[in-house]
Structure formats: C-alpha cells, structure tokens
Amino acid sequence: MTSSDIPPDAFSKSVEYSTDYEMGQDNIRPLGLDIHNPVFLISSILIFGFVLLALANQEASATFFGWLRPWLTSTFDWFLVLSVDAITLFCLAMIVLPVGAVRIGGKDARPDYSYPGWIAMMFAAGIGIGLLFFGVMEPVYYNFAEDGAARPLNIDITQPGNEYAGVVGTIHHWGLQGWAIYAAVGLSLAIFCYNLGLPLTLRSAFYPLLGDRVWGWWGHAIDTLAVFATLFGLTTSLGLGAQQVAAGLKEVAGIEPSNTVTVSLIIGITAIALGSVLMGMDKGVKRLSEINMIMAVCLFLFVIFMTGAVTAFTRYFGIMADYVVALPALANPFGREDTSYFHGWTTFYWAWWIAWSPFVGMFIARISRGRTVREFMICALLAPTAVCALWMSTFGGAAIDMLNAGGAEGVRATVIDSYAPEGALFGFLAELPLYSIVAPISLVLIVIFFVTSSDSGSLVIDTITAGGKMDAPVVQRIFWCTLEGLVAIALLLGGGLAALQGAAVSTGIPFTLVVLMMCYCLWLALRSEQAKL
C-alpha cells in the first residue's frame, strides 16, 4: 500500500467510527469509570493472575525467569538488533527528508510546553533511573569483568586509547538506537492523534493497514500487548530503582537491604507517585520532572568539577569519536565474539527499550503537539543521546580513572569483587568530597526518578485502557499506579533482577514487530500530510 491508496476521507471516517465505538456497548462505565472494556478487563485480569501466581510460586518463578531471559536474548538476538538498526535509520531519515517539515497538530499548531519543560518531561520519562543505576556500574563492569567476552567487541583495554572501551559500550546501549525506538513510536502516535484525529492509543497507528478493523479485536490485541509491554518494562525500572534506594539507605541511614525493605520502599514510593498522578500532568508530572532535571544537573556539575571539568570534556569528545567509529560493528549481529556483552546486555537492552516504547512514546506524543517532525526527531533522538553520553563518560570514565589509579574501593567491591550493582553509585560518590551531603541528595534524586517513571507510566497505561482518552477518571489512574507496584513486588520476590529482566524481554520481543509496522504506517501518514502542505 502507498499513501495514494488511502482514500482521502479514510481518516475522517475512522474518527466517526471510533466515536460511535466509544459510545457503544463495548464501553462500560461502572461506578462512574470510563473503561475500554476488552482491553481493560483482559489486561487487568491477566496481570492480577500473574501477580498471584508469582507470589504463590516464588521458587518456581525464579527458576523460570532465570531460564527465560538468556534463552530469549540468545535466540532472537539477530532479529532484535536488525530491527533496531532499521528503526534508527528510519528516524535519522526523518530529519533530512522533506516530511520533516510536517508539524504535529497541523500547520497552525503551537507547542503546549516550553523547550525546558518539554525536554525535561521527555528526558525524565525516557531514562528513568537508568543513568543513576548504570552510569558507574556498566562502564566499570565491561572494563574489568573477568569474562573477556563481556567487553564490547573484545577490545583489549591494555592498549593505548582503549581504556574507555566500557564507556563506549555503555553509550551504545543508552544512545542513538535506544532513543530511536522511543522517537519512532512517539511520532507515530502524535501524527495519528493530533494530525489525523484518531484516539491517542497504539491501535490508531495501524489504520492505514487495518482500516476500521483497528476498532475490533485486532486493535484490542495491539493495545493489550502494549499494556503488558509497558507494565513489565516499567516495573523492571521500578525494581532496579527500589534496589538502589535500599543500597542508598544503607549508606545514609545504616539500614541493611532486605526484601522487606525493598517491598516497603516500593509501597512508599508508589504512594508518592499516586499523589503526583492525582495532581495531573501539569501540576504533578511536569513539576516533578523539572525538579528531577534540576537535581540531576546539580549532581552532574558537582561530579564534573570534582573530577576535573577539562579532563571530563576531553574524555567525552574522545569517547564520542570512538563511539561513532565503533557503531557499525556494535550494530552488527553476526559473527560476534563478545558473546556475554552481546547476549547478556545488548539484546536485553533492545528488548527493554522496546518494552518501554509504548509508555515513553505515548508520553512524549502527548506533550509534543506543535513541534515539526524534524524538530521532534532532533530533540527526541540526537539531544538525549549527547546528554546520556556526557553523563556516562563523566561518571563511568571518572570511575575507571580512579580504579586504574588504585582507588575507588567502593566501586571495586560492588562491581568487580562481588556483583552488587545497586551500590556502585554510592561507592563512586564516596571517593569525592562532601559525601555526607551528596549521598542523601542522590538518594532523594533516585526516589524522584522512581516517582516520575511510575506516575507518567500510570497515565499512559490508563490512556491505553481507556481507548485513548486523556481525561479518564482519577480512580483508574489510582488502579494502574497501584498495580504497577504490585507487579514490581511480585517480580522481585519471585526471582529478583532476573525476573524483572525476563518479564521485560518476553514482552519486548513480540512488540518489536508492532514497532516495525508502526514505522511503515507512519511513513504513509507523513506522505499524506506532506501532500497537504
């Protein structure tokens, strides 16, 4: 199908159809709720069943998820990597092709948020606690792990110029290709919602392929899969965040980490997220995101000045040059000898990013009206890549320098001698001045990252299960925010980190097909919009 095959009034007809559908018998409103019946009921029943099953069979769950993740990432490695390569090239093309002039919401649309507010919300939702959890641990692990196959491309770090190979490998996972996944999904949803008048939900992006069938069971299946992918991708981050907060409490307050502490943290932070959800997008999520970014910038500036600003920026530009050179080899799924890095990390990351894409994509679509396609892609793709790389090279690069100089015993103890990655950040900060002040501030920052992920995720899942409505009743937001916490608890108790990662991968792989088809439908829609210009 080409754009010329789409009838001129196809989208207007679909809007009429969707409106009739939302007013019909498939929409139920018990107790004043506004529930998109099949998606809400199927998703909530299956998720509740999963929680009960995992909690009742914790040992079996741990065994199952311990097997599931490595099997999936080693079996579907080529598919995941090639798919992400294709999505990345597609997004880069949007910047330079004429369709980049298309404006989200139409030619007269104006942005709802300023640049600082827009970028802060987009960045906080897209990264979550990843920078804080992996910023020190991941580069150090690649450089110093006993397993040589865990090092990107098996680079010999004893050779001059290769001492930051671990940072290059980390930027590969947090840079261009990951953000391309978010950008593709986000732009698809934004164009089909704001330009073509369809509901803000995943099924809408498939109208060029499915026509009015998107309002039937085909659409229900797409949205239900999106709910599962979002929920499991989100709870993986929530679980990691809870473990890191527990490690921070040990450093700050002397409280020993345990399952009881971690579960209590998830409950407490979920309660805080509920407050943000109840306040809504502008008063709750936006304000927390801006506070989040201010605190993150302050922590970054503290680290960069304490470790040497000139050294940090020199190291950054050198690492970015190495990243650009290494990217084609890192993006190649065939003939890899760095098997632990490729299967244990890269393929997991791509499945995790894809699992997060309905959540982040819908969130950034919701806040991006008024931006051009070119502007959207630059700000959602290139700018976050540069910022993530600067963070990773500053924190991870400084930690590597400390270890090579014989210091950073806290990092060595948590990453190299024993694998307790949640403590790596605090082990690194302990090497810097003012630790008694910086550690509590970092702990608060982790909590706020945790909250912003949870509250924005709740709003997105609520929108999907309400058929694309952005003003669903508050009770539904409370329901999904609470359920996120329950799933995170069930996964942590039923297998820990392996369970969290296995759940994300198991939904990310099938959702890869959905993202690829969304790119094709987006291209058809953009060509149609360009023709209007």
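Starting from 1, each residue takes its place in the sequence as its number.
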If you look at every heavy atom in [X] and [Y], which pair is closest and at what distance?
X: R203; Y: G216; answer: NH1-O, 3.8 Å
X: V167; Y: S393; answer: CG1-CA, 3.6 Å
X: A184; Y: I87; answer: CB-CG2, 3.9 Å
X: A331; Y: D85; answer: O-OD2, 2.6 Å
X: A183; Y: F376; answer: O-CE2, 3.4 Å
X: I191; Y: L522; answer: CG1-CD1, 4.0 Å

Any heavy-atom pair between the side chains of [Y] and [X] that's under 4.5 Å?
X: M518; Y: L202; answer: yes
X: Y323; Y: T170; answer: no
X: S506; Y: L72; answer: yes
X: F206; Y: F192; answer: no
X: L92; Y: L382; answer: yes
X: V185; Y: F359; answer: no
X: L390; Y: F300; answer: yes
X: L187; Y: I104; answer: yes

Checking side chain to side chain contact (heavy atoms under 4.5 Å, CB included) for the pair V227/I47: CA distance, chi angles, key distance, verdict?
CA-CA 10 Å; V227 170; I47 291 168; 4.2 Å; yes
By side-chain hydrogen bond (donor to acceptor under 3.5 Å, both in side chains) - contacts of [X] (at least two apart):
X: E484; value: S454, S458
X: W345; value: none
X: N332; value: none

Could you walk me through whether L265 and Q243 satisfy the side chain to side chain contact (heavy atoms under 4.5 Å, CB included) test, starting with their C-alpha distance in whole Å, then the side-chain angles of each, then the deciding distance to 0.1 Å, before giving a yes or no?
CA-CA 9 Å; L265 286 171; Q243 291 179 331; over 6 Å; no
Is [X] reaching over with its side chain to a backbone N or O of [Y], donor-acceptor style, under 3.5 angstrom?
X: R369; Y: P111; result: no
X: Y207; Y: R213; result: no
X: Q177; Y: T88; result: no
X: S204; Y: L189; result: no
X: N195; Y: R103; result: yes
X: S528; Y: L524; result: no

In sequence, state the C-alpha distance, the side-chain angles, and the governing distance for T465 and W480, and then conclude on side-chain hydrogen bond (donor to acceptor under 3.5 Å, both in side chains).
CA-CA 10 Å; T465 56; W480 287 112; 3.2 Å; yes
Are F479 and F40 an aromatic pair by the rule of ring centers under 6.0 Å?
yes
Looking at the rings of Y182 and W179, which for Trp means the six-membered one, are their centres under 6.0 Å apart?
yes
Sorted by chain and number, sequence neighbours left out, salt bridge (charged side-chain N to carboxylate O under 4.0 Å, His left out) with R371 holds for E375
Results of salt bridge (charged side-chain N to carboxylate O under 4.0 Å, His left out) for R374 - residues two or more places apart only:
none
Taking the six-membered ring for Trp, are H172 and W350 parallel (under 30°), tilted (30 to 60°) or perpendicular (over 60°)?
perpendicular
How are the rings of F228 and F232 set relative to one another: parallel (under 30°), tilted (30 to 60°) or perpendicular (over 60°)?
tilted
Working note: D77 + T347, criterion side-chain hydrogen bond (donor to acceptor under 3.5 Å, both in side chains); need CA distance, chi angles, decisive distance, verdict.
CA-CA 6 Å; D77 51 1; T347 49; over 6 Å; no
My understanding is that only residues two or more places apart in sequence, or in another chain, count here; which of them pass ring pair (Phe, Tyr, Trp, His ring centres under 6.0 Å) with F134?
W174, Y349
Spatial distance of atom CD1 (I464) from atom CE (M362) [nearest 0.5 Å]:
4.0 Å
Measuring from atom CZ of F90 to atom CG of L97, what distance do you get when rounded to the nearest 0.5 angstrom?
9.0 Å
Evaluate the side chain to side chain contact (heavy atoms under 4.5 Å, CB included) criterion for residues L327 and L176: first the C-alpha distance (whole Å), next the side-chain angles of each, then the deciding distance (0.1 Å), finally the verdict.
CA-CA 10 Å; L327 185 56; L176 188 68; 4.2 Å; yes
Could you tell me if S368 and W118 have a donor-acceptor pair between their side chains, going purely by distance under 3.5 Å?
yes
Checking side chain to side chain contact (heavy atoms under 4.5 Å, CB included) for the pair V102/T372: CA distance, chi angles, key distance, verdict?
CA-CA 6 Å; V102 173; T372 65; over 6 Å; no
